[in-house]
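Here is the structure we will look at, set down as structure tokens.
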Amino acid sequence: MTKNSCLFLVIFFLLFFLEITPAFAQHFSSTSYNIDWGNFNSDSGSKTSPSFQLTDTVGQIAPGQYNDTVNGVKLKSGFQYIYDTIYPFSFSISSLAINFGSLVPNVGTSATSTLTISSPSGHGYQILASEDHPLQLTNHTAQIPDTTCDNGTCTESTSAVWTSNSIYGFGLNVLGTNSSDVVTGIGTSQYFADATYYRQFANISGSESPQTIMSEPAAAKQRYARVTYKVNISGSQDAGNYANAITYTAVPNY
Amino acid sequence: MPFNLSITPPELELLIPPDKTITQAYNITNNSDSAVTLKATIEPWQADGTTGAVRYLTANEVNHVLDFSTFNADIQLGVPFTIPAHQKRQIVLKIKSLPNTVGDSYQTLFLTQLDNYSLDNSGTGAIGRIGSHILVSISPAQNINYQAQINQFHTTPIIKDIFFSSITLKGLIENKSKFYFKTDGQITITKGGQVFKQLTLSPLNVAADQSRQILCQTDKNISPCSLTPPFWPGIYNATLTLNPELHTAPTTITFFVFPYLLTLLIGLLFILGFIIGKIKKQKPPQHTTS
């Protein structure tokens, strides 16, 4: 090993142990400007010193806390609290009537609908789903049970692969998409890995609680999800029209 | 679309004394092309997990500390009402805390669709519901003694290369008091005693006796607290500090940035050079004969 190589290595490791820190200044940028400041002149947020800690809001009219001492009500006003004025919390379902047509034994039948949700800054959202009961004849004499998927492991809260035409039942798959119905998985990949993963609907008549099928922890605008309903029956299933009702509940994260 | 509803505000946060009534106006907009029949209800919930999700309570689990009603002459809780297509209605909700009650109550104002759907053969009908949360702390004292605890504050990975993936800072804020508060604070990264970066915590609610994962605020976006490469090698400290009114001491952790991939590459090159040099020295000189 040459002398110069050893010297290089020594200098290299000295840099590590001397903890040389590059100097940074404040940098602002957008698509139309770049501003680099050598001084930190203004900032909002939290500031501390050995003897105090301060949080503040800079650059708006009338920030702060307002107390109604007569009625005992407290209001906090500031940028960090005004997250909800950008757009409203909204939820839509593309189709309310999901028709499967005449069910054919050992041939899975599918239908789809689209959920759309917007949740303003400062919150995320969750969409929960449940069924009033399993698909059943209008005279309540027979039901199509909820699917347990190919390996018998899917439940109302856990998804699994369901591709076999000899596995019977009713279930759902939910995939986040964009406005062109291209799968993105946003908001749903933690619940359904891909289009082959299905779950049961939570059965309210069986005292099951509605389950989350889509969620995000942060603001979302016009987020789409494709819901695929799948039903497969055996040859011994009683003939007739089977129906149930699915409730989709959209709430912000608290 | 058959069901397309908006509600503002999406959440109401209150601190009120016992035996007090307040009102809140909610704007409900029917964005669909057809009229929608709705029913307004109030349902209690508790926090479910550490990410802000909720679980709705059964009748046995409810502790009745609030009364709800509306000021509207034509909209009452539990009674159907209709909003025409592309129209909005305002619900003025009256919230009354019961006398001699102290503590938190978490509820959701739900608007549930009641329209009928028509199926041709076998099928399923969809019903839409949208909700707005109501978080209420009932206390005769305006200055509440909050108590937070920082748990599981750590980085992944602990030893980081100077390039490639980000460093993520994770932690839980536990609420050991009976009233909800916000995760108001910051993470200060220092190196060699100098501030390297400050991350502001997103002010997320932590319900009473629950925990919440920390997330950070950048402009108007909420995302995991993270640092992006490249990094200077060295020893870094990360200190999570909460608002003093949460009465918890800061927590500091240490992580290391070491260019182990670059060092490994340089080391391999030196070894290779050393081996080649050795081979050249050992090669016997070639003799030519005339």
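All chains are named by letter (A, B, ...) in the order of the sequence lines, taking the proteins before the strands, and each is independently numbered beginning at 1.
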Candidate pair T51(B) and Q126(A), rule side chain to side chain contact (heavy atoms under 4.5 Å, CB included), full reasoning:
CA-CA 10 Å; T51(B) 60; Q126(A) 54 178 146; over 6 Å; no
With a 4.5 angstrom heavy-atom cut-off, which part of S215(A) approaches chain B: side chain, backbone, both or neither?
neither
Report yes if some heavy atom in the side chain of L119(B) is under 4.5 Å from a heavy atom in the side chain of F100(A); otherwise report no.
no
Within this structure, what is the OG1-CG distance for the pair T116(A) and N4(B), rounded to the nearest 0.5 Å?
7.5 Å
Determine whether Q113(B) and L96(A) make a side-chain contact, defined as any pair of heavy atoms from C-beta on separated by less than 4.5 Å.
yes
So which heavy atom on Y248(A) is nearest to which on A126(B), and how close?
CE1-CB, 4.1 Å
Y168(A): partners by ring pair (Phe, Tyr, Trp, His ring centres under 6.0 Å), with sequence neighbours left out
none
With a 4.5 Å cut-off on heavy-atom pairs, point out which of Y254(A), Y125(A), Y242(A), F89(A) contacts chain B the most.
Y254(A)
Take a 6.0 Å sphere around NZ of K230(A) and say whether it holds more than 12 heavy atoms from other residues, nucleotides or ligands.
yes
Residue L215(B) versus chain A: region with a heavy atom under 4.5 Å:
side chain
Relative to the ring of F3(B), is the ring of F91(A) parallel (under 30°), tilted (30 to 60°) or perpendicular (over 60°)?
perpendicular
Check each atom of A141(B) against the heavy atoms of chain A and say whether the ones under 4.5 Å are side chain, backbone, both or neither.
neither
Between G101(A), A129(A), S95(A), who has the most heavy-atom pairs with chain B when the cutoff is under 4.5 Å?
G101(A)
Counting heavy-atom pairs closer than 4.5 Å to chain A, which one of W45(B), Y106(B), Y56(B), Y180(B) comes out on top?
W45(B)
Flag side-chain contact, heavy atom, 4.5 Å: V251(A) against F110(B)
yes
Non-hydrogen side-chain atoms of N31(B) and S92(A) separated by less than 4.5 Å:
no
Starting at CD1 of I93(A), measure out to CD1 of I130(B) and round the result to the nearest 0.5 Å.
10.0 Å
Under 4.5 Å from a heavy atom of chain A, the part of R55(B) involved:
neither
Toward chain A, the part of Y236(B) with a non-hydrogen atom under 4.5 Å:
neither
Under the ring pair (Phe, Tyr, Trp, His ring centres under 6.0 Å) test, residues paired with F201(A) that sit two or more places apart
F170(A)
Look at atom NZ of K96(B) and say whether more than 12 heavy atoms of other residues, nucleotides or ligands are closer to it than 6.0 Å.
yes
Name the member of L103(A), L137(A), T249(A), T109(A) that forms the most heavy-atom pairs with chain B at distances under 4.5 Å.
T249(A)
Considering the options V231(A), N241(A), I144(A), which one meets the side-chain contact (heavy atoms from CB on, under 4.5 Å) requirement together with S122(B)?
N241(A)
Atom of P2(B), atom of S94(A) and distance for their closest heavy-atom approach:
CD-O, 2.9 Å
Looking at every non-hydrogen atom in both residues, tell me the closest pair between G131(B) and P252(A) and how far apart they are.
O-CD, 3.3 Å
Chain A contact via L135(B) - side chain, backbone, both or neither, heavy atoms under 4.5 Å
side chain
Leading residue by heavy atom contact count with chain A [cutoff under 4.5 Å; candidates L5(B), T29(B), I127(B), N27(B)]
I127(B)
